[in-house]
Each structure stands twice: as C-alpha cells, then as structure tokens.
Amino acid sequence: MDRILECSDLHKTFGERPAVRGVGFHIGLGETYGLLGPNGAGKTTSISMICGLLARDKGSVTVAGKPVDIDTVDAKQAIGFVPQDLAIYPDLTARENLVFFGRLYGMDKASLASRVAEVLEVIQLSERADDQTKEFSGGMKRRLNIGIGLLHKPQLLVLDEPTVGVDPQSRNAILSSVEHLSEEGMAVLYTTHYMEEAERLCDRVGIIDEGAIMAEGTRRELVRLVGQRDKVMLGAVGHLEPVASAMEPIEGVDSASVYDGGIEVIAESAAQLLPQLIGAAAAHDVAIRSVDISEPDLEAVFLHLTGKALRE
C-alpha cells in the first residue's frame, strides 16, 4: 500500500504540560485511519502538527513523500484540512463559498465551476447551492466545511471531529460521504471520540489518550490485543448439556455452558463458527430457536487500555 502520510515521534508541550508524546502512524492510499480518544487526548494537536499548522517540538511528517513543516508549501497542497470550527462565510451561498475558497487554492475559473458542482454532489448540497449559508442547519454547514477541504482534490483529507453537534440525519450524510471518498482512493485521517464512527469508517484505529497512542490496528486486532472474545447466546430447547460438551472442542471456542433457556458460547470470530455450532446442536436433536452474537467493541478496548470510559 502506497503511504500518503507518514509521521513519527511527534511531541508538543504547552508550558509544562505535554500535549502530545511520541505520536506516530502512517496512512495508505484509499485507507481511512481513525484517531479515537476523548476530548483533550491530543487529537487536534497531533493533526495540527501533521498539517503544518502548529510547530512541533520533535518528530517528522511527510505527505505524498514530501516533508511537512510550518513553513513548507508544496506538501500542504496535497492536504485537505477540515477543522472543528466552521470556516465558511454566512452571507455567501454554498456555491459562492466554494468558489471563493477555490480561488484561494489557485484554481482557474474553467476547472473551478465543474469542480464546485462535483463537490456539491458529494456533500449532498446541490439543491441548496444558491442559498445563503446562514440559513443552513448545523449539519449542512459541516458538510459544506468538508466540501471546502475537498475542492483541490487532496491526496490526504484530514477531518477533525466533523460530526460534533450535528443531527442524526446530517451525521449519517457526513459518514456516507467519508465512506465514498475512501472508496474513491483518498487517504483519510479522521479524529473522533465516537466509538461507533471509528468502527464504521476506519480501516485502522489508533487509540490515543493523554497525548500518546496506546494501541493501533484494525478493530479485530485491537480486540485480540486485550483478549476480548465474542459471546454467542443460543436459545434452544432439548437436552443441552451434551450439546455444550460437543461445542467446546470446536476450534476457536473458548467455552460453552448451559444457561436457563439455551447455551452460551465464548469464542473468537463467532459468526464464522455459527454453522458448526448449529450443526452440533442438530446432531443432538436440539432445536436452535434464537441466535444473539455480541462482539466486543472499541469502548471495551479503550476501557481496558486506559482504565476509563471513552467519554470521560
């Protein structure tokens, strides 16, 4: 996988308070990487250094093979940065905002008009393109904010908590847009403190707390790291003890035990084992009435690694 972003050993201290301590990771072409952590964990400071908006005390950053620093220009052209704070003009329409920022990017008039139309489609604002943005909902403004970051077709899109304070419908529209961008091959760096967003969008996740990345990997890799397992509750009728005994030797099953009304199975990748579990029940003439699979989530991983809940 071609690496669009590489950063290593990033440090930043404000006064005597260390805000970022040795953060480092990479993002490949078409990959969405999530920085997951509570408010104050160091997410915004990290991405500000990555985008060259904040001088770092130590460490290195390259984007599309070019070094990034606060004074560099070339590498920053490959970055689209979408901050938490809205960067739009309320008295301008959505189209006028995009044209204005497109000219700041140095885009020529001929290509800008068509690109603005493309971006309006991506952020689902084509029908409101000529309305003043002061009339927009919070979610619509957030989507326009993302559109501004997309105008110059960056290789790396950096999104800093883009769904904070938006309604559920707009939130889903934002997440769908990010999914589409990743499918189109754009590298995305996504910061959030919402576990469900990281699980939905991100190919890999870095769990960050108190300025340091505690662990990194896919959701399944992070779950394995802390020894979490899936739980399967099989509602069943019949003589259940022999069935539980037959399930335990199945490769990938940690334990199988009878509870009132069924069998509880603890296993890794439970969904893949389900046909074997049901087959074992059928072999003992036990009918499965219901199946409920509970997979461990990133909230449990965060709690295990830091000793606190994600939203604390």
Taking only Lys NZ, Arg NE, NH1 and NH2, and the carboxylate oxygens of Asp or Glu, determine whether [X] and [Y] approach each other closer than 4.0 Å.
X    : Y    : answer
E135 : K141 : no
K134 : D91  : yes
E221 : R204 : no
R200 : E197 : no

When you measure from the side chain of [X] to the backbone of [Y], do you find a donor-acceptor pair of N or O atoms at a distance under 3.5 Å?
X    : Y    : result
E248 : A256 : yes
S137 : M140 : yes
R128 : D131 : no
T32  : V188 : no
T13  : G15  : no
Y105 : I148 : yes
H284 : A282 : no
T133 : L92  : yes
E199 : L298 : yes
K43  : P38  : yes

Check P275 against A271 and note the closest heavy-atom contact, atom names and distance.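 Closest pair (atom of P275, atom of A271, distance): CD-O, 4.0 Å.
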Atom of C51, atom of I79 and distance for their closest heavy-atom approach: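 In terms of heavy atoms, the two residues are closest at SG-CG2, 3.9 Å.
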Taking the side chain as every heavy atom from C-beta outward, state whether [X] and [Y] have any atom pair closer than 4.5 Å.
X    : Y    : answer
V205 : E216 : no
D230 : E268 : no
E118 : V122 : no
L10  : V20  : yes
F101 : L151 : yes
M107 : R115 : yes
Y190 : L35  : no
R220 : S269 : yes

How about E179: does its CD atom have over 12 heavy atoms from other parts shown lying under 6.0 Å from it? yes
Heavy-atom count check: over 12 atoms from other residues, nucleotides or ligands less than 6.0 Å from K76 NZ?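 Counting other residues, nucleotides and ligands, NZ of K76 exceeds 12 neighbours.
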Go through the steps for S170 and R143 under the test side chain to side chain contact (heavy atoms under 4.5 Å, CB included), then give the verdict. CA-CA 8 Å; S170 291; R143 280 145 58 193; 3.7 Å; yes
Quick one: do L189 and I47 satisfy side chain to side chain contact (heavy atoms under 4.5 Å, CB included)? Show the steps, please. CA-CA 8 Å; L189 173 54; I47 65 172; 3.7 Å; yes
Please evaluate residues V237 and V286 with respect to the criterion side chain to side chain contact (heavy atoms under 4.5 Å, CB included), reporting the C-alpha separation (whole Å), side-chain torsions for both, the decisive distance (0.1 Å), and the verdict. CA-CA 6 Å; V237 293; V286 167; over 6 Å; no
Test log, rule side chain to side chain contact (heavy atoms under 4.5 Å, CB included), inputs L54 and I70: CA-CA 6 Å; L54 179 67; I70 195 165; 5.9 Å; no
Which atom pairs, one a donor and one an acceptor, fall under 3.5 Å between side chains of residues 207-215 and the rest of the protein, sequence neighbours left out?
| unit_1 | atom_1 | unit_2 | atom_2 | d |
| --- | --- | --- | --- | --- |
| D209 | OD1 | K308 | NZ | 3.2 |
| D209 | OD2 | K308 | NZ | 3.3 |

Let me check something: do [X] and [Y] share a hydrophobic cluster, defined by ILVMFWY side-chain heavy atoms less than 4.5 Å apart, either directly or through other members?
X    : Y    : result
V158 : L29  : yes
L5   : L181 : no
L201 : F81  : no
M49  : V63  : yes
L150 : L156 : no

Could you tell me whether the side chains of [X] and [Y] share a donor-acceptor contact shorter than 3.5 Å?
X    : Y    : value
T72  : D69  : no
E121 : S126 : yes
T191 : D160 : yes
Q77  : H152 : no

Find out whether the Lys NZ or Arg CZ of K12 is both under 6.0 angstrom from the six-membered ring centre of F14 and within 45° of the ring's axis. yes
Would you kindly check if the NZ (Lys) or CZ (Arg) of R95 is within the cone defined by 45 degrees around the ring axis of F100 and under 6.0 Å from the six-membered ring centre?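 Judged by the rule, R95 and F100 form no cation-pi pair.
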For R171 and E196: C-alpha separation, side-chain torsions, deciding distance, then whether salt bridge (Lys or Arg N to Asp or Glu O under 4.0 Å) applies. CA-CA 12 Å; R171 183 185 186 202; E196 60 274 18; 2.9 Å; yes
How would you list, by chain and number, every residue that makes a ring-ring contact (aromatic ring centres under 6.0 Å, His included) with Y33, sequence neighbours excluded?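 Partners of Y33 by the ring-ring contact (aromatic ring centres under 6.0 Å, His included) criterion, ordered by chain and then number, come out as F25.
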Sequence-distant partners of Y259, ring-ring contact (aromatic ring centres under 6.0 Å, His included), two or more places apart: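 Expected list: none.
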Result of checking L277, I266, V232 against V253 for side-chain contact (heavy atoms from CB on, under 4.5 Å): L277
